[in-house]
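Read the structure below first, then the notes.
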Amino acid sequence: EVQLVESGGGWVQPRGSLRLSCTTSGFSFSNYWMYWVRQRPGKGLEWVSKITSGRTTAYADSVKGRFTISRDNVQKTVYLQMNSLEFEDTGVYYCVSPRLSYANRDYDPLSSNVFRGRGTQVTVSS
């Protein structure tokens, strides 16, 4: 059974930092591209960052230069280092993995045909 468990969220002041973690189990982690997505208050899901099985990364324009995604294939964990946080970064952050047939290829992290954890709340407030 695929399981994703996010942690590391919390309250932080603007320009502060948080490091999110997503521990996984139930699939061959190293073979899958992983995403972080978020849902801001009153908005739909939006993708934040992705990391391929080859460790190539990509970021949404809104977080580029402030967030860094990484992965530890031994620990089967994906991370999101978030620096220079802004009010607009407030939301629930989820890590996403695909259905098992999507090894080593991209997929739509916003579709309903993916695995998502319960999320971790990030609140940026003064």
Side-chain angles (χ1 to χ4, degrees):
E1 178 188 3
V2 173
Q3 291 192 327
L4 309 172
V5 179
E6 301 94 340
S7 62
W11 177 86
V12 64
Q13 292 185 323
R15 295 177 297 280
S17 297
L18 285 173
R19 188 193 195 207
L20 306 184
S21 300
C22 172
T23 57
T24 75
S25 61
F27 64 107
S28 297
F29 177 79
S30 61
N31 293 333
Y32 292 89
W33 297 25
M34 297 295 294
Y35 276 85
W36 284 97
V37 302
R38 68 185 179 187
Q39 185 158 28
R40 296 185 284 174
K43 307 278 189 180
L45 281 173
E46 60 178 338
W47 86 275
V48 173
S49 183
K50 72 177 178 185
I51 185 166
T52 71
S53 47
R55 301 181 188 271
T56 300
T57 60
Y59 301 91
D61 287 344
S62 58
V63 307
K64 201 172 295 183
R66 301 187 296 120
F67 290 11
T68 303
I69 190 171
S70 60
R71 66 189 299 156
D72 182 332
N73 288 342
V74 173
Q75 298 296 324
K76 299 185 178 182
T77 300
V78 59
Y79 303 97
L80 187 68
Q81 177 67 44
M82 306 188 296
N83 298 330
S84 301
L85 283 160
E86 303 170 351
F87 295 121
E88 294 74 21
D89 295 318
T90 293
V92 181
Y93 286 70
Y94 303 90
C95 69
V96 178
S97 68
R99 296 293 170 181
L100 299 186
S101 58
Y102 280 78
N104 296 307
R105 57 189 178 119
D106 205 0
Y107 56 96
D108 181 0
L110 306 182
S111 81
S112 59
N113 197 31
V114 297
F115 294 104
R116 240 184 333 259
R118 292 179 176 269
T120 186
Q121 174 72 45
V122 171
T123 301
V124 184
S125 172
S126 55

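If you're wondering where the values come from, they're calculated on a predicted model, not measured in any experiment.
- Each of S49, S97, C22 was scored for a side chain to side chain contact (heavy atoms under 4.5 Å, CB included) with V78, with one residue passing: C22.
- One hydrophobic cluster holds both L18 and V48 under the rule that ILVMFWY side chains link at heavy-atom gaps under 4.5 Å.
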Next on the checklist: Would S17 and Q81 count as a side chain to side chain contact (heavy atoms under 4.5 Å, CB included) here? Give the steps.
Outcome noted: CA-CA 8 Å; S17 297; Q81 177 67 44; 4.0 Å; yes

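- Note on E46 versus R40: salt bridge recorded, some NZ/NE/NH1/NH2 to OD/OE distance being below 4.0 Å.
- Taking both residues in full, the closest heavy atoms of P98 and Y32 are given as CG-CD2, 3.5 Å, listed atom of the first, atom of the second, then distance.
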Next on the checklist: Walk me through whether F115 and T24 qualify under side chain to side chain contact (heavy atoms under 4.5 Å, CB included).
Outcome noted: CA-CA 11 Å; F115 294 104; T24 75; over 6 Å; no

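- Ring pair Y93/F67 is tilted by interplanar angle, where 30° to 60° counts as tilted.
- With hydrogens and angles ignored, the 3.5 Å screen pairs a side-chain donor or acceptor of E6 with a backbone N or O of R118.
- Residues I51 and R55 come closest through the heavy atom pair CG1-CA, 3.8 Å.
- Taking hydrophobic clusters as Ile, Leu, Val, Met, Phe, Trp and Tyr residues chained together by side-chain heavy-atom distances below 4.5 Å, L100 does not share a cluster with V96.
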Checklist entry - Which is it for D106 and Y35 under the side-chain hydrogen bond (donor to acceptor under 3.5 Å, both in side chains) test, yes or no, and what are the steps along the way? => result CA-CA 10 Å; D106 205 0; Y35 276 85; 2.6 Å; yes

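- Geometrically, R99 does not engage Y107 in a cation-pi contact, judged by NZ or CZ lying under 6.0 Å from the ring centre and within 45° of the ring axis.
- By the 4.5 Å heavy-atom criterion applied to side chains, F87 and P14 are counted as neighbours.
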